[in-house]
Amino acid sequence: MRSQYKKYLMWALFGALFVLTVVVQTVVFGKPQFFGVKLSLIPVCVACVTMFCGAEDGAIYALACGTFWCFAGADGGALHIVLLTLCGAAAGYICDRLLIRRFLSSVLMSLMTLAVCQGLVFLFHCYLGQASLRAAGALPVQIGLSALSCPLFYLAARAIRKAGA
Amino acid sequence: MKHSFLTGRLKTILIVMLAVAVIAGVTLAVSGGTSVPENIVGTILSPLRAGVAAIDRLAARYYSYLFSYESLRAQNEAMEKQILAMEEDVRSAEELQRENERYKALLKLSDEHEDYQFLSAYILSWDPSDYKSAFTIGKGTASGLEEGMCAVTENGQVIGLVTRVGANWATVTTIMDSSLEISASIASSGYTGVVQGVFLEDGTQILRMNYLLTDAIVKNTDQVVTTGSTLYPRGLLLGYVTNASLDETGVAKYATLEPSCDMNKLEQIFIITEYSNQ
């Protein structure tokens with residue numbers, strides 16, 4: 001009974017972490033640009049949480065996050081549902097089978113999720129004619145800068161995971 | 001033992017994901033305005049955004065205050081005590097003064113256009129995408145907002161249009177966004193065209209007036225104003241011409257514009273909720 005309660009608490013806290021990330025992403029980091037790009041915290045948050053959850057639970061969490069983010073006005077819309085879910089499942093699976101759930105793994109998973117999400121959203125905009133492939137140079141900068149937020153999300157996700165254990 | 005990535009449960013999740021993505025995509029595409037899920041998510045986020053935005057503004061104010069306080073102390077240490085006594089008043093007065101100045105300018109605009117009805121709102125959050133230019137405000141249908149209403153500064157400079165409205169929130173897409181096209185004319189000569197935001201390859205955004213006649217005579221610093229439509233009144237300032245050239249097709253001219261207002265400095269905006277289209 002107690003462990004069940006702890007599990008609910010853990011998922012509630014993971015949910016709250018994501019909602020807080022969405023609010024901070026749009027309110028605090030919505031306008032300022034660093035080296036000509038905006039930070040992208042959502043993929044980092046999803047990667048850090050799902051690496052602690054495993055493939056299946058991670059996929060469900062990422063699916064919920066992707067859906068919420070899509071309806072919160074994400075650029076790329078429903079594309080985020082697919083990308084975040086796949087990345088969440090992959091991050092969970094890789095950490096289940098190949099990596100230890102340590103800080104370095106969270107950096108790797110964040111970089112992977114950022115590269116997939118930002119890369120495909122960028123290609124989507126190129127396809128729509130709203131961006132040029134020659135502007136792809138900004139992507140590594142955006143991915144690198146966004147990955148700097150990884151320690152915060154890693155520590156938060158680890159603490160929440162411990163609270164639910 | 002072999003561990004397969006695609007377990008039965010994961011396959012189910014991926015099928016649900018595809019179904020949700022398709023439903024979400026279709027909902028967003030066919031809803032025209034604001035869909036029900038968007039309204040629900042926006043309504044949940046709006047008070048949170050308002051809270052974080054208030055903290056953000058407070059932090060910025062303290063940062064700005066501390067910065068100026070340090071320079072003042074360096075200049076004149078003797079005034080330190082007096083400054084400390086006044087700090088609380090100054091902090092709140094600065095914001096009130098800025099707001100007062102904006103309302104004064106708005107009053108002038110209201111005198112010039114008696115038919116305009118305004119609704120003021122503060123910007124809560126910006127769209128974090130590099131390919132969009134939009135922000136969220138903390139007022140929605142409950143305050144009388146509707147999609148398509150025009151957002152301006154206190155000086156009547158066009159900021160953008162309300163594109164999505166929820167119960168207690170609304171999204172304003174700025175004129176810098178490539179999805180917005182506004183009929184405009186050059187105030188001095190009357191040449192008409194369509195003003196649209198363009199994202200350049202280096203990631204910067206510019207404003208372009210397209211579909212000008214090839215023989216149109218356009219001068220730098222010419223004012224570009226709205227021609228008026230069912231969505232926005234005529235004569236609102238969009239920007240100033242900075243350059244003109246033939247477009248890619250060679251059959252029309254375009255002009256690059258400098259927006260009339262600095263989007264980075266926006267804090268409070270005014271939505272024109274009613275106007276006479278005479």
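Here is the naming used below: chain letters follow the sequence lines, and residue numbers restart at 1 for every chain. Keep in mind that the numbers below use all heavy atoms, side chains included, and drop hydrogens, waters and symmetry copies.
- For the pair A:Gly73 and B:Asp127, the tightest heavy-atom approach, listed with the atom from each and the gap, is O-OD2, 3.6 Å.
- Here the closest heavy-atom approach between residue A:Gly77 and residue B:Leu28 is recorded as CA-CD1, 4.4 Å.
- Going from atom CZ of A:Phe68 over to atom CD1 of B:Ile44 covers 5.5 Å, rounded to the nearest 0.5 Å.
- Of the atoms belonging to B:Leu124, it is backbone heavy atoms, and not side-chain ones, that fall under 4.5 Å from chain A.
- Heavy-atom pairs under 4.5 Å with chain B peak, among A:Leu86, A:Val19, A:Thr85, at A:Thr85.
- Taking OG from B:Ser129 and CD from A:Gln118, the interatomic distance works out to 8.5 Å, rounded to the nearest 0.5 Å.
- Between B:Phe135 and A:Thr26, every side-chain heavy-atom pair lies at or beyond the 4.5 Å cut-off.
- Closest heavy-atom contact between A:Ala78 and B:Ala21: CB-O, 3.3 Å.
- Note that the NE2 atom of A:His125 and the NZ atom of B:Lys132 stand 8.0 Å from one another [nearest 0.5 Å].
- Counted within 6.0 Å of CD1 on A:Ile100, heavy atoms from surrounding residues, nucleotides or ligands total 12 or fewer; the atom is thus considered open.
- Both the backbone and the side chain of B:Asn264 come within less than 4.5 Å of a heavy atom of chain A.
- Contact annotation for B:Ile55: neither backbone nor side-chain heavy atoms come within less than 4.5 Å of a heavy atom of chain A.
- In plain terms, the two heavy atoms of B:Thr7 and A:Glu56 that are nearest each other are OG1-OE2, 2.7 Å.
- The NZ atom of A:Lys31 sits 14.0 Å away from the CG atom of B:Asp56 when rounded to the nearest 0.5 Å.
- The two residues A:Phe29 and B:Pro128 make their nearest non-hydrogen contact at O-CB, 4.5 Å.
- Residues A:Asp57 and B:Arg9 meet the side-chain proximity criterion, which asks for heavy atoms closer than 4.5 Å.
- Minimum interatomic distance between B:Ile13 and A:Ala59 (heavy atoms only, all atoms of both residues): CG2-CB, 3.8 Å.
- There is no contact between A:Ala138 and chain B, counting heavy-atom distances below 4.5 Å.
- With contacts defined as side-chain heavy-atom distances shorter than 4.5 Å, the pair A:Gln142/B:Asp130 qualifies.
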